[in-house]
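A short write-up of the structure that comes next.
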Amino acid sequence: MSKSGALDLASGLGGKIDKEQVKSAVDEYEKYHGYYGGKEESRKSNYTDMVNKYYDLATSFYEYGWGESFHFAHRWSGESLRESIKRHEHFLALQLELKPGMKVLDVGCGIGGPLREIARFSSTSVTGLNNNDYQITRGKELNRSVGLSGTCDFVKADFMKMPFSDNTFDAVYAIEATCHAPDPVGCYKEIYRVLKPGQCFAVYEWCITDHYDPNNATHKRIKDEIELGNGLPDIRSTRQCLQAVKDAGFEVIWDKDLAEDSPLPWYLPLDPSRFSLSSFRLTTMGRIITRNMVKALEYVGLAPEGSQRVSSFLEKAAEGLVEGGKKEIFTPMYFFVVRKPLSE
């Protein structure tokens, strides 16, 4: 794991937000969400502010507990979490048929864990698009540490308004990132625009499934918890995502919810009924230790005021994700590969 200790975690808490402003940033972030009475319209109209606050507040917790790749994975029995995450990234690269020398775009790249893994696996040049200053700073530092600064870079921009010319990239992918878009058709249209004709886009989307009932109070609460804990304006259904990518102009090659046939549940690392040495920080005991550690760090002034509340809503998100997974009303890996036609 990248963040190895308490002081490493404390040093990154709050991201680029002034340490004195973290508490007020938490206040503002929470007010966006349905769990605290916020409205979907407000989340969508203010998505840039909401998502930036979220990643400034949450990134160090993610890296401390999860590593450099902030996503779930289809997982085989006997396979570690880290092994499954790498294989999940390799699978995507293979579906895109990446080849040495190709110019690839990672939409919503986080701190670049998948970017670095895919670049090394496929010998491609990968540009990471991200609108969060702290994550870009951290990603560049990690690129330098492994010698990838020459072939992989980061661009700060909104994926709804990309600063690239038409037909720039040989391939585009997104891993659990475009779920932050306020308008999926608009986001997919931007991806379509910057992708070369005849080339492919692959994505893992966070979605609600056909088992979700909007009139079920428990289902609604779970959805609210996931949106709160993950900086989402609204979780769309698999059907909505597939229609949106068609409306953007893409041809669908194939689509599948990879959670449906995963030998081990995707939510296993967060399941409080399970214990794991390899992902101890994600277990119930690990989260209790982290919670108390953050409380102590905040008390002595090493972590900014408000850090405990960030830890709390991330725990609430974990509870929602596990419950959503067990009830099969939510998936973090609705996967599809689509192609931009050679002629429009």
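Keep in mind that what you see is a predicted model, and the values were worked out from it rather than measured. The first residue in the sequence is number 1, and the count goes up from there.
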Working to the nearest 0.5 Å, report the span between [atom1] of [X] and [atom2] of [Y].
| X | Y | atom1 | atom2 | value |
| --- | --- | --- | --- | --- |
| Lys103 | Leu98 | NZ | CG | 15.0 Å |
| Arg82 | Glu68 | CZ | CD | 7.0 Å |
| Asp18 | Ser24 | CG | OG | 9.0 Å |
| Ile226 | Leu321 | CD1 | CG | 4.5 Å |
| Ile208 | Thr238 | CD1 | OG1 | 8.5 Å |
| Ile329 | Asn216 | CD1 | CG | 7.5 Å |

Above 12 or not: heavy atoms from other molecules or residues under 6.0 Å from [atom1] of [X]?
| X | atom1 | result |
| --- | --- | --- |
| Lys19 | NZ | yes |
| Arg339 | CZ | no |
| Lys39 | NZ | no |
| Glu97 | CD | no |

If we ignore hydrogens and angles and just use 3.5 Å, is the side chain of [X] paired with the main-chain N or O of [Y] as donor and acceptor?
| X | Y | answer |
| --- | --- | --- |
| Ser262 | Ala259 | no |
| Thr124 | Met102 | no |
| Tyr32 | Glu40 | no |
| Glu227 | Ile235 | yes |

Flag for [Y]-[X]: side-chain donor and acceptor within less than 3.5 Å:
| X | Y | value |
| --- | --- | --- |
| Tyr55 | His180 | yes |
| Glu79 | Ser84 | no |
| Ser69 | Glu117 | no |

Electrostatic pair [X]-[Y], nearest N-O below 4.0 angstrom:
| X | Y | value |
| --- | --- | --- |
| Lys140 | Asp153 | no |
| Glu319 | Lys316 | yes |
| Lys31 | Glu28 | no |
| Glu190 | Lys161 | no |
| Asp166 | Arg193 | yes |
| Glu205 | Arg236 | no |
| Asp183 | Lys44 | no |
| Lys340 | Glu251 | no |
| Glu83 | Arg87 | no |

Quick check, are the ring centers of [X] and [Y] under 6.0 angstrom apart?
| X | Y | answer |
| --- | --- | --- |
| Tyr62 | Tyr64 | no |
| Phe335 | Trp254 | yes |
| Tyr29 | Tyr54 | yes |

* With side chains defined as the heavy atoms from C-beta onward, is the minimum distance between Asp210 and Arg239 less than 4.5 Å? -> yes

* **Candidate list Trp76, Tyr173, Tyr204, Trp266, test ring-ring contact (aromatic ring centres under 6.0 Å, His included), partner His88, passing option** => Tyr204

* **ring-ring contact (aromatic ring centres under 6.0 Å, His included) partner of Phe250, the single match among Tyr192, Phe336, Tyr188** => Tyr192

Considering all heavy atoms, the nearest [X]-[Y] contact:
| X | Y | value |
| --- | --- | --- |
| Phe61 | Ser307 | CZ-O, 3.7 Å |
| Ala248 | Val185 | CB-O, 4.1 Å |
| Lys189 | Asp247 | CE-O, 4.0 Å |
| Cys179 | Pro233 | O-CD, 3.8 Å |
| Gly14 | Val22 | CA-CG2, 4.0 Å |

* Asked: How far apart are the C-alpha atoms of Leu148 and Arg120, what are their side-chain angles, what is the distance that settles it, and do they pass the side-chain contact (heavy atoms from CB on, under 4.5 Å) test?
  -> CA-CA 9 Å; Leu148 284 176; Arg120 288 178 290 200; 4.1 Å; yes

* Chi angles and distances behind the side-chain contact (heavy atoms from CB on, under 4.5 Å) call for Ser77, Leu264 -> CA-CA 6 Å; Ser77 298; Leu264 293 179; 4.0 Å; yes

* To do: Please say which of Asn131, Asn52, Asp158 ends up in a side-chain hydrogen bond (donor to acceptor under 3.5 Å, both in side chains) with Tyr47.
  => Asp158

* Cluster overlap Phe121 with Phe91, hydrophobic side-chain contacts below 4.5 Å -> no

* Run the side-chain contact (heavy atoms from CB on, under 4.5 Å) check on Thr127 and Phe154 step by step: do they pass? -> CA-CA 6 Å; Thr127 297; Phe154 294 86; over 6 Å; no

* Go through the steps for Tyr267 and Lys326 under the test side-chain contact (heavy atoms from CB on, under 4.5 Å), then give the verdict. => CA-CA 8 Å; Tyr267 53 82; Lys326 287 183 175 180; 3.4 Å; yes

* Asked: Going through the checks in order, is the side chain to side chain donor-acceptor pair (under 3.5 Å) test met by Asp170 and Gln199?
  -> CA-CA 6 Å; Asp170 299 303; Gln199 300 303 105; 4.9 Å; no

